[in-house]
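Just so it is clear, the model here is predicted, and its values are computed rather than measured.
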Amino acid sequence: VQLQASGGGLVQAGGSLRLSCAASGRTFSSYGMGWFRQAPGKEREFVAAINWSGGSTYYTDSVKGRFTMSRDNAKNTVYLQMNTLKPEDTAIYYCATDRLSYGSSGYQRIRNPREYDYWGQGTQVTVSS
């Protein structure tokens with residue numbers, strides 16, 4: 001399984017970016033996907049997740065109303081639209097695949113990085129004030 005994240009960059013506070021994560025090597029439409037981020041000196045944290053069908057999405061509180069996660073199963077790609085970016089959003093963003101096909105979408109499970117078995121290489125997002 002390979003995950004290729006892209007779309008990061010440098011943006012001013014209040015700006016927008018759209019991250020993409022293209023997947024290969026697995027039946028993409030059978031697996032939920034997640035986005036995590038890691039800032040310098042901090043632990044990796046959950047940002048957003050989407051279930052295998054795209055019918056359910058989940059967000060950490062700090063990004064609710066600003067970030068939107070979606071997926072296009074025909075393109076084997078998930079997206080993270082990030083609006084109204086803040087300097088505290090600065091981090092490396094990683095996409096990852098659920099370790100279970102048709103996995104349950106309980107929030108406590110899907111926000112746990114141990115529930116994901118393949119990770120992309122990360123894309124840097126820097127928000128200047």
Side-chain angles (χ1 to χ4, degrees):
V1 177
Q2 290 189 328
L3 301 176
Q4 183 68 42
S6 61
L10 173 64
V11 64
Q12 288 188 332
S16 298
L17 286 172
R18 188 176 82 153
L19 306 184
S20 299
C21 176
S24 61
R26 175 179 273 183
T27 305
F28 179 77
S29 59
S30 301
Y31 291 85
M33 298 288 293
W35 284 100
F36 291 76
R37 66 187 179 187
Q38 188 166 18
K42 295 187 177 181
E43 293 186 353
R44 189 170 299 190
E45 66 170 351
F46 170 77
V47 176
I50 191 167
N51 75 334
W52 56 272
S53 69
S56 298
T57 52
Y58 308 84
Y59 303 94
T60 193
D61 286 347
S62 63
V63 308
K64 283 181 181 177
R66 300 189 297 122
F67 290 11
T68 303
M69 187 172 181
S70 61
R71 67 188 297 156
D72 184 338
N73 285 344
K75 295 183 178 180
N76 288 0
T77 301
V78 294
Y79 305 97
L80 186 67
Q81 178 67 44
M82 306 186 296
N83 298 329
T84 319
L85 282 160
K86 303 177 181 180
E88 51 264 43
D89 295 317
T90 296
I92 299 174
Y93 284 69
Y94 299 90
C95 58
T97 65
D98 193 333
R99 64 181 180 85
L100 301 175
S101 62
Y102 305 109
S104 63
S105 300
Y107 183 67
Q108 291 306 316
R109 190 186 82 81
I110 57 88
R111 68 191 302 268
N112 183 348
R114 293 188 179 89
E115 295 293 336
Y116 296 82
D117 55 356
Y118 291 97
W119 295 78
Q121 85 286 3
T123 185
Q124 176 72 48
V125 172
T126 303
V127 184
S128 63
S129 57

> Got a list of side-chain donor-acceptor pairs under 3.5 Å for residues 2-25, not counting sequence neighbours?
| from | atom 1 | to | atom 2 | distance (Å) |
| --- | --- | --- | --- | --- |
| Ser16 | OG | Asn83 | OD1 | 3.0 |

> Taking Thr90 for its side chain and Val127 for its backbone only, find out whether a donor-acceptor pair lies under 3.5 Å.
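Judged by distance alone, yes, a pair lies under 3.5 Å.
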> Is the centre of the Tyr102 ring less than 6.0 Å from the centre of the Trp52 ring?
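Ring-ring flag for Tyr102/Trp52: true, centres closer than 6.0 Å.
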> Is it true that a side-chain atom of Thr77 and a backbone atom of Lys75 form a donor plus acceptor pair closer than 3.5 Å?
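Checked: pair present.
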> Sequence neighbours left out, what passes side-chain contact (heavy atoms from CB on, under 4.5 Å) with Lys64? Give chain and number order.
Tyr59, Asp61
> Taking only residues two or more places apart in sequence or in another chain, which ones pass ring pair (Phe, Tyr, Trp, His ring centres under 6.0 Å) with Tyr118?
none
> For the backbone of Gln38 and the side chain of Tyr93, can you confirm whether one donor and one acceptor N or O come within less than 3.5 Å of each other?
no
> Indicate the ring-plane relationship of Phe36 and Phe46, choosing parallel, tilted or perpendicular according to the 30° and 60° boundaries.
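Because their plane-to-plane angle is over 60°, the rings of Phe36 and Phe46 count as perpendicular.
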> Quick one: do the Arg26 and Thr97 side chains pair a donor with an acceptor below 3.5 Å?
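Thr97 and Arg26 do have a side-chain donor-acceptor pair below 3.5 Å.
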> Any donor-acceptor pair under 3.5 Å linking the side chain of Ser53 with the backbone of Gly55?
yes
> Closest heavy-atom contact between Tyr94 and Gln121?
CE2-O, 3.7 Å
> Determine whether a donor-acceptor pair (N or O, by modelled atom type, separation under 3.5 Å) exists between the side chain of Arg37 and the backbone of Gln124.
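Checking the backbone N and O of Gln124 against the side chain of Arg37, no donor-acceptor pair under 3.5 Å is found.
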> Of Val47, Val63, Leu80, which is the lone residue that meets side chain to side chain contact (heavy atoms under 4.5 Å, CB included) with Met69?
Leu80
